[in-house]
Amino acid sequence: VGAAAKVAARGGRRKGSTATASSAKATSKTTRQPSKANAPDKTDIYNGITHWLVKSEPSYSMDDLQKEKGQTCFWDGVRNFECRNTMRDRMKKGHTILFYRSVVEPAAVGVCEVVKEGYPDFTAWDPKSEHPDSSSTKENPKWFMVDFKLKGWLNEEVPLSRLREHGQSGMPLENMALFKRSRLSVQPIRQQEFEYIVNELAGGWSKKKP
């Protein structure tokens with residue numbers, strides 16, 4: 001079965017950000033002193049990251065993910081270079097995802113796990129998909145995606161207003177990328193931020209929906 005047929009069979013999805021690539025930087029850039037060229041850059045927001053916050057559009061929810069075969073989906077439709085680079089190069093099998101519902105009643109709602117590392121987003125060269133891009137081809141793919149699997153729901157949804165409350169100066173979430181790099185639909189989240197949100201604000205997570 002060809003890629004286009006697979007897309008048609010599974011239905012079009014609008015999960016990732018469809019922001020135009022021209023508005024995004026290709027990579028996160030930092031300045032380093034020559035004498036410290038081999039030292040870890042503490043200003044790099046991606047340094048040592050194994051947890052990610054992924055924003056979902058209203059058309060695709062945790063309930064939709066639960067209905068997928070094996071409760072697993074491919075995260076297609078991201079059209080932002082920095083997010084593309086993250087899925088292609090940085091997200092690894094076993095990494096943890098905080099599922100974030102965006103736009104309508106935005107909130108952190110669940111936990112997922114990366115089960116397949118970056119590979120070409122075949123919906124880009126399918127003209128019938130929700131987010132085609134004729135500049136991306138099978139031979140020279142421009143956009144990439146990952147697969148992830150549902151692990152469970154937060155015991156209590158954590159709305160954006162509450163996250164902001166705990167993101168004020170001096171609070172545990174003050175440096176969270178959600179506030180510093182809000183345009184990114186796939187963004188890094190430090191392990192301590194993830195644990196604070198899940199354990200302290202949400203009261204943990206469960207395999208069954210609350």
Inset, instruction - Anything under 30° is parallel, anything over 60° is perpendicular, the rest tilted; go ahead and classify Phe194 against His51. - result: tilted
Inset, instruction - Without swapping roles, check the side chain of Ser102 against the backbone of Ser56 for a donor-acceptor pair under 3.5 Å. - result: yes
Inset, instruction - Mind checking the CZ-OG1 spacing from Phe74 to Thr72? Nearest 0.5 Å is all I need. - result: 12.0 Å
Legend entry - Residue pair Gly110 / Leu154: nearest heavy atoms and the distance that separates them: N-CG, 3.8 Å
Inset, instruction - Using a strict 4.0 Å threshold on nitrogen-to-oxygen distance, state whether Lys209 and Asp63 make a salt bridge. - result: yes
Legend entry - Nearest atoms (heavy-atom pairs only) where Val109 meets Arg101: CG1-NH1, 3.7 Å
Legend entry - Leu150 with Trp205, same ILVMFWY side-chain cluster at under 4.5 Å: no
Legend entry - Least distance between heavy atoms, Phe179 atom then Gly167 atom: CE1-CA, 3.8 Å
Inset, instruction - To the nearest 0.5 Å, tell me how far Ile189 CD1 sits from Ile45 CD1. - result: 12.0 Å
Inset, instruction - Output the distance between atom SG (Cys83) and atom CZ (Arg90), rounded to the nearest 0.5 Å. - result: 9.5 Å
Legend entry - Cluster check Met87, Ile97: I/L/V/M/F/W/Y, side chain < 4.5 angstrom: yes
Inset, instruction - Carefully, step by step, assess Val103 and Glu57 under the rule side chain to side chain contact (heavy atoms under 4.5 Å, CB included). - result: CA-CA 7 Å; Val103 185; Glu57 294 185 356; 5.5 Å; no
Legend entry - Where Asn155 and Ala202 come nearest, the two heavy atoms and their spacing: CB-O, 3.4 Å
Inset, instruction - State whether the side chain of Glu117 and the backbone N or O of Lys93 hold a donor-acceptor pair below 3.5 Å, judged by distance alone. - result: yes
Inset, instruction - Would you name the heavy atoms of Arg183 and Glu82 that are closest together and state the gap between them? - result: NH2-OE1, 3.3 Å
Legend entry - Heavy-atom side-chain proximity of Tyr119 to Pro141 below 4.5 angstrom: no
Legend entry - Leu65 side chain near Tyr60 side chain, heavy-atom distance below 4.5 Å: yes
Legend entry - Contact check, side chains of Lys55 and Leu178, non-hydrogen atoms, under 4.5 Å: yes
Legend entry - Lys92 atom NZ: more than 12 heavy-atom contacts under 6.0 Å: yes
Inset, instruction - Kindly compute the distance separating CE (Met91) from OG1 (Thr50), expressed to the nearest 0.5 Å. - result: 11.0 Å
Inset, instruction - Find out if a path of hydrophobic residues (ILVMFWY) with successive side-chain heavy-atom gaps under 4.5 Å connects Leu53 to Ile197. - result: yes
Legend entry - Verify same cluster id: Trp75, Val115 (apolar side-chain graph, 4.5 Å): no
Inset, instruction - Please report the shortest heavy-atom distance between Glu193 and Asn175, naming the atom on each side. - result: OE2-C, 3.7 Å
Inset, instruction - Any chance you could measure Cys112, atom SG, to Met62, atom CE, to the nearest 0.5 Å? - result: 5.5 Å
Legend entry - Nearest-0.5 Å distance, CE of residue Met171 to CG of residue Leu163: 11.5 Å
Legend entry - Check: Val158 and Tyr100 side chains under 4.5 Å, non-hydrogen atoms: no
Legend entry - Within the 6.0 Å centroid threshold, strictly below: Phe99 and Trp52: no
Inset, instruction - Indicate yes or no: at least one non-hydrogen side-chain atom of Leu201 is less than 4.5 angstrom from one of His166. - result: yes
Inset, instruction - Decide if atom CD of Glu105 counts as having more than 12 heavy atoms of other residues, nucleotides or ligands within a radius under 6.0 Å. - result: no
Inset, instruction - Would you check if Asp121 and Ser136 make a side-chain contact, meaning some heavy-atom pair closer than 4.5 Å? - result: no
Legend entry - Flag side-chain contact, heavy atom, 4.5 Å: Trp153 against Gln66: yes
Legend entry - Heavy-atom check, side chain of Phe148 versus side chain of His95, under 4.5 Å: no
Legend entry - Transitive ILVMFWY side-chain link Leu173 to Leu184, under 4.5 Å: no
Legend entry - Donor-acceptor pair between Ser61 and Asp64 side chains, under 3.5 angstrom: yes
Legend entry - Under 3.5 Å donor-acceptor, Arg79 side chain and His131 backbone: yes
